[in-house]
Amino acid sequence: MKGSTHRRCYCRDPRSGKPLGKKCPKLASRKHGSYSVRQELPPRADGTRRSFSRAGYESLKAAQADLDHIRALLGLADADDSEGLDQIAELLEKVAGEKAPLPGIESTRRRFSHGLDLTSRLTVGEWLDIWLAGKKGRQSAISRDESNIRVHLQPRIGHLRLDRLRVTHLSEMFEAIAETSVEIAEGNAARRKAVEDLAQIPWKGREPRARRKAMKDAIAEMEPYRRIVGPATRQRVRSTLRAALNAAIAQQLITFNPAAHVELDAGKRPKALVWTEERILHWKRTGEKPSPVMVWTPEHTGRFLDHVAEDRLYALFHLVAFRGLRRGEACGQRWTDTHLDAGLITVARQLVVNGWEVYEDDPKTDAGARTIALDSDTVQALRRHRAQQDKDREKWGSAWVETGRVFTRENGELLHPANVTRRFIELYEEIGLPPIRLHDLRHGAATLAHAAGAGLKDIQEMLGHSSITITSDTYTSLLPEADLAIAEAAARLVPRARATAENDTRSGMGADPDEADDSVPDGADPLGEIREINSPSAHAPLTQTAPDEESEAE
């Protein structure tokens, strides 16, 4: 296709006022006038001609460079690719009409080769939609990415051009999210305080009723309770964006991933704490949990299991409390993977909640597919549960739904994991136990196994963790009784020339030091070994084998 450069000026005839054009006598000088380019473009679909024209170049060299650039862009499509040639022609027409800089040859080549629209500038939001639509993997992970994109990324940076996204944009975004979280926390606190004040106003009397009405109106005007976006959630939002931008780099749409370089506060995993008497008193006074992850003592666990012994889901709670299965793993456990004669279960499938929909999937990690040994009490609980299930199957007859699951509804249908959690909360609230999540029973199983002498590697395999760091940092808490026994045993490893104040008090100032062994606490022997921790409940022995660990898939 034809293309050319030419020089022209805008001088006019002083008499007629008409442009002189090529007749201008000053054009003999190279410094007079400016250069222009004109390139013929592929015709439109209706056969009409179109071209790219641009003027104002100070030198022939600059004009020729742009003409070569235009021809290189046209050369990105094969001569027989009419659709491709039409796309590039539309791009050049738009550039000429907007008097915009010519697009880069390599960036246009990448967009053209990936079938992207050449006439629009790809935004972050458009790319996130493209990336999410092609993402494969676990549905729960895809749903989490979709939520991060819809709630955080699209509203804040979706309008920015993908190739112009910078670290500063992301730093500003995460600072704004953190500031919004502070505002949400203040709003939640104000609403909570208003609700507490409302509860203190008497019901009877004209004045109290007026105050209650005014307070209710004020509460109705407040923002509803909202979830705070903490450091861990911000880390997950960045993880979603970083994965999407890495895919853009692989597609050669960008060359730099700003999400990999933005600095955020560390999203540390919360440490599990045991519900001691002091922590329970603080919770009762203030309503605040010392940690998002709390663990019952053996006595608490025993009281709970004694209370629910006649409940349909007793065996499920027992299995989670001692063997540490995840909620989805327990709900998805099949009888074909349960070997009661051998005292073993194989965790092979799980039920996953996406929104409210439940679907079956593999365990959360490769390490999650594991075989767990069962103690005799757990085996007996499962045998009784199977006998009851057989009675239910006979009672329902042809209406029974055969799913092959160990734990089901009364008619054999799959359990919804959220309903199991709801039932768990109802049961422990009936006897006034301090609050924990169902998942925290898994933490408790790890803590019991740790106190019973199981090593971290054994607990890791039981819980199905892919990393022993998760097991040691998050899942194992030291029971106060075991901690005291360890402290006393450690203190007796150091020989002393004189009796301690405690020994003086117990045995008298003139007592023989050799008789000081009487002060060794219950649970520790004179040689420093922890024997056992007394437990008033038959459901809280610490001689169980190491419990299986559960991850927070739900």
Side-chain angles (χ1 to χ4, degrees), residues 185 188-189 192-193 195-196 199 225 227-228 230 268-311 313-314 316-327 330 417-452 459 463 473-485 523 533-542 544 547 549-552 554:
N188 289 348
R192 190 176 296 109
K193 179 65 167 58
V195 172
E196 292 174 355
Y225 290 116
R227 180 175 297 179
I228 294 174
K268 295 182 179 179
R269 294 177 180 272
K271 182 67 177 178
L273 298 179
V274 178
W275 273 117
T276 60
E277 289 299 326
E278 293 77 13
R279 289 167 180 160
I280 293 175
L281 289 175
H282 176 78
W283 163 68
K284 288 182 177 179
R285 285 196 302 266
T286 66
E288 298 175 356
K289 293 172 60 177
S291 169
V293 181
M294 297 301 297
V295 178
W296 282 337
T297 64
E299 291 77 11
H300 293 145
T301 303
R303 282 182 57 198
F304 172 76
L305 292 176
D306 288 341
H307 176 66
V308 304
E310 302 303 321
D311 192 84
L313 297 180
Y314 167 75
L316 184 149
F317 297 134
H318 184 110
L319 185 63
V320 174
F322 287 111
R323 296 287 77 200
L325 268 68
R326 297 174 175 88
R327 180 184 71 172
N419 289 333
V420 176
T421 296
R422 185 179 297 112
R423 181 59 178 161
F424 171 72
I425 295 173
E426 291 173 353
L427 289 169
Y428 78 67
E429 286 183 343
E430 288 175 357
I431 53 175
L433 286 173
I436 67 171
R437 304 169 304 163
L438 175 58
H439 192 82
D440 293 339
L441 279 184
R442 175 173 164 85
H443 291 263
T447 299
L448 290 173
H450 187 44
I459 299 175
L463 299 179
D473 290 351
T474 309
Y475 276 81
T476 53
S477 304
L478 197 58
L479 296 172
E481 298 90 338
D483 197 15
L484 176 62
I533 299 172
N534 295 332
S535 172
S537 170
H539 285 103
L542 296 184
Q544 301 271 348
E549 151 181 346
E550 134 189 30
S551 71
E552 309 215 6
E554 298 78 38

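Computed from a prediction, not measured in an experiment: that's the story for all the values here. Note: hydrogens, waters and symmetry copies are ignored here, and every other heavy atom, side chains too, is used.
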Can you say whether the rings of F304 and W296 are parallel (under 30°), tilted (30 to 60°) or perpendicular (over 60°)?
-> tilted
Give the ring-plane orientation class for H439 versus H443, where under 30° counts as parallel, over 60° as perpendicular and anything between as tilted.
-> perpendicular
Could you tell me the separation between the [atom1] atom of [X] and the [atom2] atom of [Y], rounded to the nearest 0.5 Å?
{"X": "F322", "Y": "L305", "atom1": "CZ", "atom2": "CG", "answer": "5.5 Å"}
{"X": "K289", "Y": "R279", "atom1": "NZ", "atom2": "CZ", "answer": "12.5 Å"}
{"X": "D311", "Y": "F317", "atom1": "CG", "atom2": "CZ", "answer": "6.0 Å"}
{"X": "N419", "Y": "F424", "atom1": "CG", "atom2": "CZ", "answer": "15.0 Å"}
{"X": "I228", "Y": "N188", "atom1": "CD1", "atom2": "CG", "answer": "6.0 Å"}
{"X": "H282", "Y": "E278", "atom1": "NE2", "atom2": "CD", "answer": "12.0 Å"}

Quick one: does [X]'s side chain get under 4.5 Å of [Y]'s, heavy atoms only?
{"X": "V274", "Y": "T297", "result": "yes"}
{"X": "R327", "Y": "T421", "result": "yes"}
{"X": "H300", "Y": "I280", "result": "yes"}
{"X": "V295", "Y": "L273", "result": "no"}
{"X": "L438", "Y": "V420", "result": "yes"}
{"X": "I436", "Y": "W275", "result": "yes"}
{"X": "Y225", "Y": "R192", "result": "yes"}
{"X": "I425", "Y": "R437", "result": "no"}

Is the side chain of R303 donor-acceptor paired with the backbone N or O of I431 at a distance under 3.5 Å, no angle test?
-> yes
Any donor-acceptor N or O pair under 3.5 Å, side chains T447, H450 | no
Could you tell me which non-hydrogen atom of A321 sits nearest to which non-hydrogen atom of L448, and how far apart they are?
-> O-CD1, 4.2 Å
What closest approach, in Å, do V320 and A330 show between heavy atoms, and which atom pair accounts for it?
-> CG2-CB, 4.1 Å
Are E426 and R423 within salt-bridge range, i.e. N to O under 4.0 Å?
-> yes
